[in-house]
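Sequence lines set the chain letters: A, B, ... in the order given, protein chains first and strands last, and positions in each chain run from 1.
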Amino acid sequence: MGSTPAGRTISVFETNRSFFMAEKITKRSQDYSQWYVDIIMQAQLADYAPVKGCMIIRPNGYAVWEHIQQALDSMFKETGHVNAYFPLFIPESFMNKEKEHVEGFSPECAVVTHGGGKKLEENLYIRPTSETIIWSMYQKWIQSYRDLPILINQWANVVRWEMRTRLFLRTTEFLWQEGHTAHATYDEAEAEAVLILNLYKTFAEEYMALPVIHGKKTDSEKFAGALHTYCIEAMMQDKKALQAGTSHNLGQNFAKAFDVTFQDEKTQLQHVWATSWGVSTRLVGALIMAHSDDNGLVLPPKLAPTQVVIIPIFKDDEEKAKTVEAAQKIKSILKPLGVRIHIDDRDQYRPGWKFNEWEVKGVPIRMELGPKDLAAGQVICARRDKTEKSDKVTMKTDEVTTKIPALLDEIQKNLFDRAKKFRDDNTFFVSDYPQLKKLMEEDGGFAKCFWAGSKEDEAKIKEETKATIRCIPMDQTGEKGKCVLTGKETDVQVIFSKSY
RNA sequence: CGGGGCGUAGCGCAGCCCGGUAGCGCGCCUGUUUUGGGAGCAGGAUGUCGGAGGUUCAAAUCCUCUCGCCCCGACCA
């Protein structure tokens, strides 16, 4: 499959004691995109599919997605949402019902024209998102205000025929969840959109250890067919922004397109108010780009499929039996505490090899357990977020019940703090356009500034700097200042950045 | 759609300019010594050289056409 871009080196070098492949992963500083791809390949998160733009999510990658799903799914349920499943195929006529929506999505839709060996009477779109088919059903299900709200989520795959794809970040087919809710009033729909926005922010920060800015999209960046769009935006290690989740207040657009009405308490017929919201497998890409290093993947403990791996160290069967037994004992006390722990007792690989493998795969804690440790009643732990040898922690075997969960928490926190510091260190206030331009041309990062410009002004800036308004943050100071471009006085501040 | 790169063993590549019937490293298999940061030694298996035409006594190599993939940009979650 391979291309080896110019900058990429796979150097094999010799030292007096060892001979090893030094780099299978391109350095971030050398080629960030290639580093990203290398991490995915080396950690076996995904592979390229035979069809262009599509990917195979391998077990390691899928396990991360499953943890994301589990956490989000329970958060959705706690806030009153239920899961359902709507079909992959959407009749062409449905797609055409909402004008902005069809204009937004038509160019990137895959369309099925044949089935059962015959040309279909009506083409079927493969869903790029499910608003249309869901609202066609809501039309049947909603009559009275007593039927509202409907708070449905679905976990599904969708297809968008993108021009340029990148593993996890933008693939032709991707997995996501899409929530579609129906409400009696604008205020309720608005409250729902904001509720989910905050839920996404909490999830990103607490589970993914990913600090995000939550805010509102400008009109030019909002979803096709929405009244307005909320989003969470994160900064990757190359200082570019990644939209990690969106939540839309769809107003009555879809209700009108699909004629979804209800009778209110006063027997008045009204159109239903809608929201939709989603996060996708892109989040896996976000995790990679936010935390990983030149040695491989770094996973936050809360989403790591394996949180602790024990490497028993032995040189004969007798030592193997003893160390593995001790490892199993540790596993048996940590597992009930909810620690996801694995013992790597394969004997075809040597310890050093295993150290590297688990490091590449991003396991938060590696526990080394050899004869010397057995004798001392201790284990040695290496944490994935700090890779210096001096960062290894030695703990008594009977302390693992308290120290391991504490260490996992500490790693989780450290990843968040590190990512937040990086973002804050690369966020700058700019007061005029030359400054904005200079920042985008040189260092990159987030530019915070006052904004009172038009859609056209925004397009001009995009043209000239490649940066866009990522969002209008929810957290506004309220102070007044001059618009970065027009100089008009305003109290609105926005974030400009280059983005994925 | 533009720019760049690439298709040769499972993976990474050399060989192509100057045609002579395919090689290196890693991995894999067997044996053995090893095992606290990607082990050593000794054996061994593996290829329709992306595809189709053409030139030639002879094509991975030269010519024509074609297919595909990756990276970078324009569009987007």
Side-chain angles (χ1 to χ4, degrees), chain A residues 1-12 15 17-24 26 31-38 41-42 47-54 104-105 107-108 128-129 158-172 174-178 217 220-224 229 231-233 242-248 276-283 285-286 295-296 311-317 319-320 323 346-360 366 368-374 379-380 382 387 389 392 462-463 466 468 499-500:
Chain A
M1 284 321 267
S3 63
T4 298
R8 189 179 176 195
T9 49
I10 298 173
S11 56
V12 179
T15 66
R17 309 221 72 190
S18 60
F19 180 76
F20 50 86
M21 291 293 285
E23 291 304 333
K24 289 180 174 175
T26 306
D31 183 342
Y32 191 81
S33 295
Q34 191 58 48
W35 165 80
Y36 174 76
V37 172
D38 288 350
M41 293 301 167
Q42 293 300 320
D47 206 344
Y48 291 106
V51 177
K52 184 177 181 166
C54 294
F105 282 108
E108 51 180 280
T129 177
V158 287
V159 167
R160 295 183 189 175
W161 218 263
E162 301 289 350
M163 298 186 205
R164 185 156 131 53
T165 53
R166 296 167 67 93
L167 294 171
F168 287 112
L169 297 179
R170 184 173 299 104
T171 46
T172 301
F174 57 95
L175 305 182
W176 75 345
Q177 58 69 215
E178 46 180 327
K217 285 291 187 193
S220 47
E221 294 278 325
K222 70 171 190 179
F223 176 76
T229 290
C231 63
I232 52 173
E233 295 280 335
L242 182 79
Q243 179 174 304
T246 50
S247 175
H248 318 285
S276 72
W277 29 273
V279 299
S280 72
T281 35
R282 165 178 269 198
L283 290 183
N295 297 325
I311 316 280
I313 294 157
F314 48 83
K315 48 177 174 287
D316 53 41
D317 285 350
E319 277 186 6
K320 179 179 177 181
T323 50
R346 294 173 298 175
D347 42 30
Q348 70 266 40
Y349 296 114
R350 297 158 42 125
W353 196 94
K354 295 178 186 176
F355 292 177
N356 282 287
E357 183 182 31
W358 292 109
E359 190 164 295
V360 169
R366 180 185 73 237
E368 302 171 14
L369 181 53
K372 293 174 208 163
D373 304 307
L374 276 187
V379 293
I380 296 173
T387 49
K389 227 167 184 163
K392 286 193 184 182
K462 183 178 181 181
E463 176 71 31
K466 308 251 191 261
T468 49
S499 69
Y500 278 95

request  = Can you tell me, in whole Å, how much space there is between the C1' of B/U61 and that of B/U46?
outcome  = 23 Å
inquiry  = Strictly below 4.0 Å: does A/Lys320 bring a side-chain N or O up to OP1 or OP2 of B/U35?
reply    = no
query = Would you find a donor on one side and an acceptor on the other, under 3.5 Å apart, between the side chain of A/Arg366 and the backbone of A/Ala382?
reply = no
Partner set under ring pair (Phe, Tyr, Trp, His ring centres under 6.0 Å) for A/Phe223, not counting sequence neighbours = A/His101, A/Phe105, A/His248
N/O donor-acceptor pair, side chain A/Arg350 with base B/G40, under 3.5 angstrom = no
Nearest-angstrom distance, P atom, B/C29 to B/G10 = 15 Å
Same-atom distance (P) from B/C1 to B/U48, integer angstrom = 31 Å
ask   = When the C1' atoms of B/G20 and B/A59 are considered, how many whole Å apart are they?
value = 10 Å
ask   = Counting side-chain heavy atoms from C-beta on, which of B/A39, B/G37, B/A74 comes nearest to A/Trp353?
value = B/A39
request  = For A/Leu374 and for A/Val37, locate the closest nucleotide of RNA chain B by heavy-atom distance; then report the residue assigned to the nucleotide nearer the 5' terminus.
outcome  = A/Leu374
task = Write down the distance separating the P atoms in B/C69 and B/A77, rounded off to the nearest Å.
result = 24 Å
query = Is there a donor on the side chain of A/Glu357 or the base of B/G38 sitting less than 3.5 Å from an acceptor on the other?
reply = no
